[in-house]
Amino acid sequence: MNKIPELLIPAGSLDKLKVAYLYGADAVYLGGQKFGLRAAADNFTLDELVSAAEFAKKLKRKIYVVLNGYLYDKDLEDLPDFVKFLEKIGIDAVIVSDPGVAKVVTQFSSISIHVSTQASVLNASGALWWKDLGAKRIVLGREVSILEASKIKETSGLEIEMFIHGSMCMAFSGHCVISNFTQGRDSNRGGCAHSCRFEYSLNFEDLQNKEKIKAYFMSSKDLMGIQRLYDFAKAGIDSLKVEGRMKSPLYAATTAAIYQSALKYLKDQDDIYAPQFLHWEKELNKIPHRDYTEASLVNKAQEDSIFNSRENASEVGYEMSGIIKEISHQSMIIEVKNAFNIGDELELLDFNGQFQKIKIVEMTDLFYRPVERTKPSTLVRLPKVPGAMSWQLLRKGSLV
Amino acid sequence: MNLVFALNNLDHIKETDFKEIIIGIKEWSRVGRFSLNQLPEIIKISQEKKCKLIIEWDILMTENELEKIKLEVKPFLSEANCVWRVQDVGALKWLKDQAGSFLIQPVLETGHHNFLALEAHLLLLENKLDRLILSSEIPFSILSSWLLKLKVPVEILVFGRIQLFYSPRKLLSPLKMEQAHDEWLEASGESEESPHKGFPVVENRHGTFMYHIKDLSLLTEKEFFIANPNLYYRVDLRHIQYDLNYLKKIHSYFETFDEETLTEIQKNYSIDCTRGFSRVNKTDILFPKLKNHRLAREDEDYVGEVIDVIKDLGLVVQVRDVDLKKGSRLKLITPLGKEKILHLESLKDTDLKEVDFIARDHLALLPFISGISPQTIVRFN
């Protein structure tokens, strides 16, 4: 395979950024305190952006900052200084959805512009429209198939990025304002209330006398495109994006490790054989998710892409038990995220996506006092295991 | 006043004397009901009436879909009185690059909340631009400031449905255990999230659309209309069985603004209405409340955050971007806003050894102070 796509992982915080890179991200995308679409994420302060850029450069990886909110004139006042700052610290690209923002970026810097999926670019002519505005890369809407994406790349000459994993909106990106009118929260400025995930009662005109139909009819399944990796690469797609800046470090680690393993396998073998997918899909099933779909990657998404269930209905998925903060001679210091007990079996996920099982037979607090059951937001010491490194994650769960 | 009416009835097109009308061809339009083979007749009628015909091409299209529709649209580009109203930027770009004297109306109802975004379209479309179609989310105060600078015509919706959601997927037919088809399917929805009932939901060949339970009506804003006589005001009642006389009454209201006519119009409209965001848009005011501001990191003097509290024994701090030295004076701010000052006379590492400093990105063990919880922010004082 001539060219393997870049793997782009979300970084909702500085810790998630480090986890993403260590577990295999070629690039990460993140938001500053303003201008983006995720108001509730731990968006990066200026100092954190500097740290993030330094960390990225040290590992020779790429880093992109989102400026993809629909901004008003008053929002644009601070943008020039921020853009200049981003260029100064070495950010590789900004992700925009508004042509006014693109204008500011080109006027005040020479940072590359990537066009967000929020702009709903779905065809080659749309890509060319943005090329006229200075865009270097297009993040295509999730309604576009891999085959269509290949045509768009060929016609436009631009880099093409596509989503490969994560939550999806049912609506065309940028074309849902439900929460604007029902909750007073602008869904395109960071306030989306996920109105699509609620249950609706529907009354059909021609079924006046019948009971209402209840359904989560606007809730989409999650995207998982790992089986199409070969097709993405063959189509020349430049970047494969995982959704999820608000999701956990375990999500960032697992998606980074598994998709990177798969990409490396593809590069080495020039193809992917069916049995390999079983292992990777099994690992991707370990992160909490809605049912998976390939959505429109090959054919248009049909009714089997609807997740007609309440959120969190699924009991499948592992939870993050903790993260290794430091390693000393004899012990690993774990920051506990979800409680676990003596006798539990955890899995330590290494940076290649392989895991080793660890049975908890002894643990103490930082002062070496025995602990039977941990509590979130505390530290515990576990005996050091071979291969353990700082920033590796521990998880617990089962697929049954 | 410049009024633009959307029509979906051929008889109405024949009878009307409106100077410009919007029509939707169902193959190209989200809500249009005319079929493509009716378009030649509609064009002929509008040309005879010397009426500007605005053809709605406002669906979003992936590559294959756009390629197909380009072939359908192209033969009509030479029609003298036709103007093209498009939302997809690919359609916009393609039209712009076609030869011909036809004009384009870009639909900027999604985003485009700043003046520079509008300018981008002015620059790209140049002399092919007919009019900008602006978002209903823009309050009049912002719109008025733009109108002082804009040298091109602008249109806003003054009476019609508010679209909340547009999906390419067909979401109603599975609920009726039907195969998805291209025909019109309607339902009324009620969400467990919101106390509102009766969101109109429509499925057709282009996907699924959801609308607000109330329609937008700005008919009472006559002061704004009088102050802005050059604006174009759109009336789109295609979702109801409108009467042409009713539209004519609206047209006459805009000539006189008399209260009696307004009352009659409102009395004969069965759907509740809202002024939307015309007066003010406060949809981003909630954002600062989404997070505990005390947990927000402020870069100046920031040391790190407490990640464990061991009663009577110590506080464990994740040190961030600075080295922490023994002897430092620190301020600790809890999530509830309590502040404590600490002079760091003792500093240990995670081996419990006394040290002179802890390097950035490492854990530091500080003396225990009561009243401190995890997530407490630590700053130099």
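Keep in mind it's a predicted model, so treat the numbers as computed, not measured. Lettering of chains follows the sequences in order, A, B, ..., and the numbering in each one begins at 1.
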- Side chain / backbone / both / neither for B/L66 at chain A, heavy atoms under 4.5 Å: side chain
- Looking at A/V144, A/V104, A/N180, which makes the most heavy-atom pairs under 4.5 Å with chain B? A/N180
- Task: Indicate whether any N or O donor in one side chain lies under 3.5 Å from an N or O acceptor in the other, for B/R320 and A/S51.
- Result: no
- Task: Tell me, for B/E67 versus chain A, whether the close heavy atoms (under 4.5 Å) come from the side chain, the backbone, both or neither.
- Result: neither
- Message: At a 4.5 Å cut-off on heavy atoms, which part of A/S305 comes close to chain B: side chain, backbone, both, or neither?
- Response: both
- Task: In sequence, state the C-alpha distance, the side-chain angles, and the governing distance for A/R310 and B/E192, and then conclude on side-chain contact (heavy atoms from CB on, under 4.5 Å).
- Result: CA-CA 11 Å; A/R310 185 171 288 285; B/E192 61 175 343; 3.0 Å; yes
- Taking every heavy-atom pair that is under 4.5 Å apart, which of A/Y368, A/W130, A/F367 has the most such pairs with chain B? A/F367
- Query: Using a distance-only test with no angle check, is there a side-chain donor-acceptor pair under 3.5 angstrom linking A/K300 and B/T62?
  - Reply: yes
- Item | Residue pair B/N114 / A/G100: nearest heavy atoms and the distance that separates them | OD1-CA, 3.5 Å
- Message: Can you tell me which portion of B/E137 sits under 4.5 Å from chain A's heavy atoms? Options are side chain, backbone, both or neither.
- Response: both
- In terms of heavy-atom pairs under 4.5 Å, which option from B/D97, B/I310, B/V309, B/L60 contacts chain A the most? B/L60
- Okay, A/L128 and chain B: the region with an atom under 4.5 Å from a heavy atom over there is both
- Message: With rounding to the nearest 0.5 angstrom, report the OH to NE2 distance, A/Y72 to B/H112.
- Response: 13.0 Å
- Item | chain B contact via A/L76 - side chain, backbone, both or neither, heavy atoms under 4.5 Å | side chain
- Side chain, backbone, both or neither: which part of A/E54 has an atom under 4.5 Å from a heavy atom of chain B? side chain
- Query: So what's closer than 4.5 Å to chain A heavy atoms on B/I162: side chain, backbone, both or neither?
  - Reply: side chain
- Query: Where does A/F55 contact chain B at under 4.5 Å (heavy atoms): side chain, backbone, both or neither?
  - Reply: neither
- Query: Looking at B/E190 and A/K212, does any basic side-chain N land under 4.0 Å from a carboxylate oxygen?
  - Reply: yes
- chain B contact via A/I333 - which portion, at a heavy-atom distance below 4.5 Å: side chain
- Query: What class does the angle between the rings of B/H212 and A/F181 fall in, given that below 30° is parallel, 30 to 60° is tilted and above 60° is perpendicular?
  - Reply: perpendicular
- Item | Under 4.5 Å from a heavy atom of chain A, the part of B/F199 involved | side chain
- Query: Got a second to check how far B/E186's CD is from A/L202's CG, nearest 0.5 Å?
  - Reply: 12.5 Å
- Query: Checking B/L365 against chain A: side chain, backbone, both or neither under 4.5 Å from a heavy atom?
  - Reply: side chain
- Expected output: side-chain B/E63 to main-chain A/E148 donor-acceptor under 3.5 Å: no
- Item | Region of A/L379 that comes under 4.5 Å of a non-hydrogen atom in chain B | both
- Under 3.5 Å, is there a donor-acceptor pair between the side chain of A/N123 and the main chain of B/M61? yes
- Task: Can you tell which part of B/D88 gets under 4.5 Å to a heavy atom of chain A, answering side chain, backbone, both or neither?
- Result: side chain
- One option among A/A127, A/A171, A/G126 has the most heavy-atom pairs under 4.5 Å with chain B, and it is A/A171
- Tell me, side chain or backbone of A/E143 under 4.5 Å from chain B's heavy atoms, or both, or neither? both
- Message: Nearest 0.5 Å, please: how far is CE in B/M210 from CE in A/M218?
- Response: 4.0 Å
- Rounded to the nearest 0.5 Å, what separation is found between the OG atom of A/S125 and the NZ atom of B/K96? 12.0 Å
- Query: To the nearest 0.5 Å, how far apart are CZ in B/F165 and OG in A/S187?
  - Reply: 11.5 Å
- Plane angle bin for B/H113 and A/Y70 - parallel if under 30°, tilted between 30 and 60°, otherwise perpendicular: perpendicular
- Task: Name the region of B/K197, side chain, backbone, both or neither, that has any atom closer than 4.5 Å to a heavy atom of chain A.
- Result: neither
- Step-by-step side-chain contact (heavy atoms from CB on, under 4.5 Å) determination, B/R169 to A/F217: CA-CA 10 Å; B/R169 302 190 223 183; A/F217 80 114; over 6 Å; no
- Identify which part of B/V201 has an atom lying under 4.5 Å from any heavy atom of chain A, answering side chain, backbone, both or neither. side chain
- Message: Would you compute the distance between atom CG of A/D73 and atom CZ of B/F115 and round it to the nearest 0.5 angstrom?
- Response: 8.5 Å
- Against chain B, label A/K375 side chain, backbone, both or neither, depending on which of its atoms sit under 4.5 Å from a heavy atom there. neither
- Item | Proximal component of B/L313, with respect to chain A [non-hydrogen, under 4.5 Å] | both
